[in-house]
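Below is one structure; the comments refer to it alone.
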Amino acid sequence: MINIAIVDDDNSYLERLKEISEKYFSSHFMEFKLSTYSKGCNLAYELEDGKRFHVYLLDIELSDGGLNGLELAKVINTHKNWDSYVIFITNHSEYALYGYELDIFRYILKDQMEEKLPQALEEIGKRMNIQNGEFFIIDKAGCREKVFYRKILYIYKEKKNAVFITDYGISTVRSSLNSVMDRLNNDGFIFINKGIIINISRIQRIKGLEIMLDNGERLYASRTHIQDVKVLVAEFWRKYM
């Protein structure tokens, strides 16, 4: 289920954004739920109460006297999950700079949204479907655990165990990292050194030997691995991201 929030104080644009989104997700047989808001403050209140969305479509110039789109994006950034995406939709190109400053996924002019919004949703769909539904089974002590690939941050070696660091916590299996990699059988995972396998889709930045993940955690590649890591990450991003 993909949850989408649409915010626009112009009802005609609000309805058109809803129609374009519904058409895209329905034609791709994707389960979705749309929530619409004419005031940015109403969405902010729901975020404060714990409600979350995968996709946020925001008009920048909201005239309700409350939050405008730029201010609302700042609120969203304090609450959104790692797999959430904010798209600015507006009539004025001069706001584009703010989009980069606020880590906005896309910036779309309203007179181009018929063409550009489906393209942006296509990109988001690709990202969200990377490893979606694929999982690693851990069997131990009569217990079976299913670890979804998309939730894995990295896997490291600890004595004779492979330790999975995930969005949910830590899971351990008695296995070598080479055996784990063979079972993963997925081009979204790579060794960054002899003791760590990393999920490429969770990488935010590579600087020198440092690799920053989307949760802010930093890991370090070995000098013998870093060039291969950069090549494989670039190939993965071109293919999926």
Side-chain angles (χ1 to χ4, degrees), residues 1-130 132 150 201 204 214 237-241:
M1 169 75 76
I2 298 177
N3 291 311
I4 306 102
I6 304 175
V7 185
D8 199 310
D9 58 356
D10 185 319
N11 190 61
S12 62
Y13 279 118
L14 189 68
E15 288 301 313
R16 190 63 194 127
L17 288 168
K18 181 180 177 183
E19 290 172 4
I20 294 171
S21 301
E22 287 177 339
K23 181 179 180 180
Y24 173 81
F25 289 113
S26 297
S27 66
H28 287 73
F29 304 101
M30 300 172 71
E31 189 176 2
F32 66 95
K33 180 179 180 181
L34 291 172
S35 298
T36 58
Y37 304 87
S38 59
K39 295 183 178 182
C41 59
N42 291 339
L43 173 58
Y45 294 148
E46 294 200 354
L47 293 175
E48 293 290 345
D49 288 338
K51 193 167 184 178
R52 297 293 181 268
F53 299 87
H54 297 103
V55 181
Y56 299 84
L57 306 181
L58 309 181
D59 181 23
I60 294 180
E61 297 181 291
L62 299 173
S63 59
D64 61 5
L67 295 174
N68 62 34
L70 298 173
E71 295 166 332
L72 181 57
K74 293 178 182 179
V75 175
I76 291 170
N77 281 339
T78 65
H79 295 286
K80 72 176 183 177
N81 299 324
W82 67 267
D83 57 349
S84 296
Y85 302 89
V86 177
I87 297 175
F88 273 162
I89 300 175
T90 183
N91 281 317
H92 300 281
S93 59
E94 62 266 25
Y95 288 114
L97 176 61
Y98 296 99
Y100 293 108
E101 293 176 348
L102 293 169
D103 190 27
I104 302 303
F105 179 69
R106 286 287 187 277
Y107 177 92
I108 299 173
L109 293 174
K110 285 189 174 180
D111 61 3
Q112 298 176 347
M113 66 185 189
E114 301 282 347
E115 173 190 0
K116 298 296 185 180
L117 181 54
Q119 292 175 0
L121 295 177
E122 179 77 16
E123 286 293 317
I124 291 172
K126 288 178 180 178
R127 294 190 178 200
M128 293 186 68
N129 283 324
I130 292 172
N132 187 31
R150 68 181 184 274
S201 68
Q204 188 75 28
D214 55 29
W237 283 350
R238 279 196 299 269
K239 182 177 179 180
Y240 295 108
M241 310 295 259

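Using a 4.5 Å heavy-atom cutoff, the side chains of L117 and L57 are in contact. Side-chain contact between Q119 and R106 is absent, with no heavy-atom pair separated by less than 4.5 Å.
Among residues two or more places apart in sequence or in another chain, the salt bridge (Lys or Arg N to Asp or Glu O under 4.0 Å) test is passed with K116 by none. Take D10 and apply the side chain to side chain donor-acceptor pair (under 3.5 Å) test, not counting sequence neighbours, and it matches S12. Residues forming a salt bridge (Lys or Arg N to Asp or Glu O under 4.0 Å) with E19 (at least two apart in sequence, or on another chain): R16. Shown here are the salt bridge (Lys or Arg N to Asp or Glu O under 4.0 Å) partners of K74, two or more places apart in sequence or in another chain: there are none. Qualifying side chain to side chain donor-acceptor pair (under 3.5 Å) partners for E48, counting only residues two or more places apart in sequence or in other chains: H79. With sequence neighbours left out, E15 forms a salt bridge (Lys or Arg N to Asp or Glu O under 4.0 Å) with no residue at all.
One distance of note links CD of E22 with OG of S27; it measures 11.5 Å at 0.5 Å rounding. The line from CG of L70 to CD of E61 is 9.0 Å long, rounded to the nearest 0.5 Å. In this structure, Y13 OH and D59 CG are separated by 9.0 Å, a value rounded to the nearest 0.5 Å. Interatomic distance, H54 NE2 to F32 CZ, rounded to the nearest 0.5 Å: 14.5 Å. Rounded to the nearest 0.5 angstrom, L58 CG and N68 CG are separated by 10.0 Å.
For the residue pair N42 and Y37, the shortest heavy atom distance occurs at CB-CD2, 4.0 Å. The shortest non-hydrogen separation linking F53 to I4 is CD2-C, 3.7 Å.
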